[in-house]
Amino acid sequence: MKFPLARTHRLHELRPSHCGQRVTLMGWVNRVRDLGKLVFIDLRDRWGLTQLAFTTDVLVTPLAEVLAVRDEWVLAVQGEVAARPQEMLNHKLPTGEIEVQVTQWQVLSTAEVLPFPIAEGANITASDSTRSTYRYLDLRRSPVKDSILQRVKLVRAIRNALEAHDFLDIETPLLYKSTPEGAREFIVPSRIQPQHFYALPQSPQLFKQLLMVAGFDRYYQIVKCFRDEDLRADRQPEFTQVDCELSFVDQEQVLTIIEQVVQLALQEFNPDYEPRPFARMTYAEAMDNYGSDKPDMRYGLKLQQVDTEIFAGCGFQVLEDVVPADGEAIYAIKATNCGDKFSRRDFEQLQEVVRTAGGAGLLWIKVQQTLDDASAWQSPLKKYLDAARVQNLTKLLSLQLGDVVFLSVGERQRTRLALGALRVHLAERLQLCDDQQQCWLWVTDFPLFVRDREGKLGAAHHPFTRPHADDVQYFGSAPDKIRACAHDLVLNGVEIGGGSLRIHEPELQRQVFAALQLSAQEIDRKFGFLLRALRYGTPPHGGIAIGLDRLAMLLSGNSSIRDVIAFPKTHQGTCLMTAAPTTLPAEVLRDYHIKVD
RNA sequence: GGGGGCGUAGUUAAGUUUUGGUUAUAACGCCGGCCUGUCACGCCGGAGGCCGCGGGUUCGAGUCCCGUCGUCCCCGCCA
């Protein structure tokens with residue numbers, strides 16, 4: 001039975017008002033319900049479901065042929081929209097008040113038995129590897145499909161917001177030059193230039209700066225970036241950034257304009273979103289109060305430094321031995337009224353959390369029975385806490401009965417980071433995070449440099465980041481003190497974006513390269529093109545790159561960025577569907593001048 | 001580079017220790033039959049297994065040991 005293949009409606013839109021209309025529908029078989037002389041098929045497309053009814057009363061073909069139809073076949077049907085009897089309405093379905101009584105139909109495509117159920121409402125999910133192998137089927141499933149659709153909506157909203165603010169979408173090359181300063185790169189051999197290699201960009205950083213030199217004030221690009229590093233739940237070898245750059249701006253303007261763009265995009269993405277100014281915090285404040293450069297502001301559990309005087313002479317070695325002059329400190333986190341939620345074994349687990357995060361160890365105090373007498377408390381410290389110390393601690397931390405105090409001791413930065421990790425762990429454990437809440441935060445004034453384990457200076461962000469004008473004086477004497485005009489955008493404890501003002505003076509840029517101990521030849525070979533460009537009239541400029549995958553992940557309520565990428569890689573960087581990467585035949589490698597053992 | 005979890009019908013899991021032992025269990029799916037108001041339809045019947053792979057211990061291994069592969073999570077790494 002053949003009829004013209006032109007859909008009259010999508011599968012979410014038929015209503016009682018369409019009753020009596022002759023319609024042509026197409027889609028996948030979501031489910032077949034065979035009642036003998038009556039067969040129902042739910043037909044599905046990306047918009048929704050519509051129930052088809054097949055009966056001998058109106059069907060012009062044998063009903064037996066319908067019984068051969070299986071899940072996920074692709075059908076085209078013609079029929080009449082009919083109201084369902086009052087007691088047969090399905091209120092779970094937007095189209096649940098009607099059905100289509102099929103007169104003729106055709107099979108557009110059959111499907112083999114599926115590796116996992118796809119139908120709406122199917123509650124068994126296959127393993128990640130099975131789903132990845134059949135990603136195109138997984139994408140038909142509602143939660144997965146919805147996440148991708150949310151991402152599509154987000155991208156559209158971001159693009160609209162950027163366009164509304166006069167940003168220009170300009171593409172930059174993917175075949176780029178190797179600049180092995182930061183992450184490891186993906187390398188692309190050149191066939192035409194023997195033994196020469198392109199690299200795939202870790203970000204379009206230098207090209208967007210060159211676009212500013214070129215005069216394209218307000219550039220953006222929603223662009224793939226590549227890093228050949230090990231993967232995580234929130235890290236893929238190729239990922240997408242919303243890359244932005246503006247000219248003739250100071251840092252305040254960058255933050256203001258980007259914040260406006262993000263707010264505008266969020267409002268289009270979710271009309272219920274109520275814009276509130278993003279919080280601001282310096283890196284120093286973030287580290288000191290939260291032990292993190294990307295604090296989750298949805299809950300408290302702030303870090304508090306404890307004066308070493310309180311424990312002087314207490315008899316407990318670990319606390320007595322702290323030497324502030326050597327950069328050591330005691331930090332505490334108070335968890336309010338949750339003593340009953342922690343057993344001795346729980347504390348041991350938490351100790352492990354702190355150690356994994358690089359902390360030296362963890363001490364705890366369960367404040368119970370009385371506020372005045374530590375002998376009633378539960379703590380490895382209790383016999384070292386005399387009345388005066390109890391009083392000091394109670395006052396410092398405003399202790400109440402039922403509170404739990406966590407203490408960690410050691411080198412300042414390590415200890416803060418370890419307690420920062422504990423803070424995140426505690427919040428999850430005590431369920432302090434409201435999934436509906438969005439806490440946006442700008443973190444500013446990062447250090448310009450960080451030292452690696454050998455003490456060698458490296459760029460904290462990247463070497464094109466502008467140093468704070470007040471701190472340039474420290475270049476020769478104390479480079480660790482130099483703050484950068486850098487900013488990170490944080491949402492609920494996740495780094496969503498990072499950016500900075502850039503250096504637009506060749507001499508200052510040279511100074512930074514020199515501080516990073518690049519020789520004059522290296523500077524010239526790697527970044528000569530940049531220094532040359534900066535000499536030809538470069539406006540002050542700055543920008544940001546926003547991690548689209550992570551943002552889409554958070555806004556769609558997922559916990560892995562794989563959920564918002566149509567075809568993600570596995571944890572090992574492979575593709576189970578296509579089996580990439582592969583080896584290559586010797587003759588191909590020869591063309592590319594590559595020898596393999 | 002290091003640590004950990006998992007791997008059993010098409011799929012998801014139970015069984016793996018304390019205890020190695022007859023025919024490896026269930027649900028969903030699949031196949032066949034019945035049913036004109038279902039919508040996770042129902043009822044009856046059936047098929048389906050290299051227990052990831054290789055080696056070892058043992059009379060005997062899904063179960064114990066060694067190795068290996070795959071996948072997930074974490075640390076390192078991610079200027």
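Chain letters run A, B, ... following the sequence lines, proteins first and then strands; every chain starts at 1. This structure is a prediction, so every number in the text was calculated from the model and none was measured.
- The base of B/U71 does not come close enough to the side chain of A/Gln572 for any donor and acceptor atom to sit less than 3.5 Å apart.
- Separation of the P atoms belonging to B/G56 and B/U19 is 28 Å when rounded to the nearest angstrom.
- Atoms OG and CG, from A/Ser519 and A/Asp524 in turn, are 9.5 Å apart once rounded to the nearest 0.5 Å.
- Within 4.0 Å (heavy atoms only), A/Leu63 reaches no atom of the nucleic acid at all.
- Residue A/His571 contributes atom NE2, which lies 5 Å from atom P of B/C73 at whole-angstrom precision.
- Atom pair A/Asn90:CG and B/C41:P shows a separation of 11 Å (rounding to whole Å applied).
- Nucleotide B/U68: paired with B/G52 (Watson-Crick or G-U wobble, both distances less than 3.5 Å).
- In this structure, A/Leu417 places its CG atom 15 Å from C1' of B/G76, rounding to the nearest Å.
- In this model, the phosphate group of B/U38 is not approached by any side-chain N or O of A/Arg31 to a distance below 4.0 Å at OP1 or OP2.
- Scanning both residues, A/Lys526 and A/Lys177, for their nearest heavy atoms gives O-NZ, 3.4 Å.
- For the pair A/Ile41 CD1 and B/G37 P, the computed distance is 17 Å after rounding to whole Å.
- Rounded to whole Å, the C1' atom of B/G55 lies 13 Å from the corresponding atom of B/A61.
- In this structure, A/Thr356 does not reach the B/G4 phosphate: none of its side-chain N or O atoms is under 4.0 Å from OP1 or OP2.
- Nucleic acid contact for A/Thr465: none, since no nucleic acid atom lies under 4.0 Å from a heavy atom of the residue.
- Comparing the P positions of B/A9 and B/U63 gives a spacing of 14 Å, expressed to the nearest Å.
- Residues A/Gln509 and A/Leu534 are in side-chain contact: their nearest non-hydrogen atoms beyond the backbone lie under 4.5 Å apart.
- Across A/Glu238, A/Gln236, A/Gln202, a single residue satisfies side-chain contact (heavy atoms from CB on, under 4.5 Å) together with A/Arg227, and that is A/Gln202.
- Within the shown strands, nothing qualifies as a pairing partner of B/U19 under the Watson-Crick or G-U definition with both distances less than 3.5 Å.
- One finds no side-chain N or O of A/Ser127 lying less than 4.0 angstrom from the OP1 or OP2 phosphate oxygen of B/U71.
- Cation-pi contact between A/Lys208 and A/Tyr219: absent, since separation from the ring centre below 6.0 Å together with deviation from the ring axis within 45° is not met.
- At a threshold of 4.0 angstrom between heavy atoms, the contacts of A/Thr130 are confined to the sugar-phosphate backbone, with no base atom among them.
- Ranking B/A79, B/G37, B/C39 by closeness to the A/Gln101 side chain, first place goes to B/G37.
- The side chain of A/Arg232 approaches B/G76 more closely than any other nucleotide in the set B/C73, B/U11, B/G76.
- Annotation: B/C69 and B/G20 have their C1' atoms spaced 26 Å apart (nearest Å).
- The partner of B/C31 is B/G45, by the rule that a Watson-Crick or G-U pair needs both atom distances under 3.5 Å.
- Between A/Thr56 and the phosphate of B/U36, there is no side-chain N or O to OP1/OP2 separation shorter than 4.0 Å.
- For the pair A/Lys92 NZ and B/A40 P, the computed distance is 4 Å after rounding to whole Å.
- Here A/Tyr290 contributes atom OH and A/Leu303 contributes atom CG; the two are 10.0 Å apart, rounded to the nearest 0.5 Å.
- Atom pair A/Asp128:CG and B/A13:P shows a separation of 10 Å (rounding to whole Å applied).
- Summarising the geometry, the separation between CD on A/Glu229 and P on B/A79 is reported as 7 Å, rounded to the nearest angstrom.
- For the pair A/Lys37 NZ and B/G42 P, the computed distance is 20 Å after rounding to whole Å.
- Contact annotation: side chain of A/Arg562 to base of B/C72, donor-acceptor pair absent below 3.5 Å.
- One C1' atom belongs to B/G21, the other to B/U71, and the distance between them is 33 Å to the nearest Å.
- Along RNA chain B, the nucleotide nearest to A/Gly96 and the one nearest to A/His462 differ in position, and the one closer to the 5' end is contacted by A/Gly96.
- Using a 4.0 Å heavy-atom distance criterion, A/Thr55 is classed as making no nucleic acid contact.
- Between A/Arg184 and B/A79 there is no side-chain polar atom (N or O) within less than 4.0 angstrom of OP1 or OP2.
- A donor-acceptor contact under 3.5 angstrom links the side-chain atoms of A/Glu99 to the base of B/G37.
- Note on A/Leu576: only backbone sugar-phosphate atoms sit closer than 4.0 angstrom, heavy atoms only; bases stay farther off.
- Base contact: A/Asp230 has a heavy atom under 4.0 Å from a base atom.
- Comparing A/Asp42 and A/Pro115 along RNA chain B, the residue whose closest nucleotide (by nearest heavy atom) sits nearer the 5' end is A/Pro115.
- Pairing for B/C39 is absent, judged as Watson-Crick or G-U wobble with the two contacts each under 3.5 Å.
- Looking at the side chain of A/Met88, the nearest of the listed nucleotides B/G37, B/G32, B/C39 is B/G37.
- As judged by a 4.0 angstrom heavy-atom cut-off over every strand, A/Arg131 is placed among residues making no nucleic acid contact.
- Look at A/Arg235 and you won't find any side-chain N or O under 4.0 angstrom from OP1 or OP2 of B/C73.
- Of the candidates A/Leu501, A/Ile544, A/Ile258, A/Ile544 is the only one forming a side-chain contact (heavy atoms from CB on, under 4.5 Å) with A/His487.
- Annotation: A/Tyr176 is not in aromatic contact with A/Tyr198 [ring centroid separation under 6.0 Å not met].
- No contact: A/Glu352 has no heavy atom under 4.0 Å from any strand.
- Considering only the side chain of A/Leu35, B/U36 comes nearest among B/C39, B/C74, B/U36.
- Rounded to a whole angstrom, the distance from the C1' atom of B/C78 to that of B/G1 is 15 Å.
- Side-chain atoms of A/Thr282 and A/Phe446, non-hydrogen and from C-beta on, never get closer than 4.5 Å to each other.
- An aromatic stacking contact links A/Phe40 with the base of B/U38, defined here by ring centres under 5.5 Å apart and ring planes under 30° from parallel.
- Among the atoms of the strands shown, base atoms are found under 4.0 Å from some heavy atom of A/Asp34.
- Taking atom C1' in both B/C41 and B/C34, the straight-line distance is 14 Å, to the nearest Å.
- Between A/Phe54 and A/Phe40, the gap from one ring centroid to the other reaches at least 6.0 Å.
- With both ends at atom C1', the span from B/U11 to B/G29 equals 7 Å, rounded to whole Å.
- The pairing partner recorded for B/A26 is B/U12, the criterion being a Watson-Crick or G-U wobble arrangement whose two distances lie under 3.5 angstrom.
- Picking from B/C74, B/G70, B/C39 the nucleotide with the shortest atom distance to the side chain of A/Arg33 gives B/C39.
- For B/A79, one of the phosphate oxygens OP1 or OP2 lies less than 4.0 angstrom from a side-chain nitrogen or oxygen of A/Arg227.
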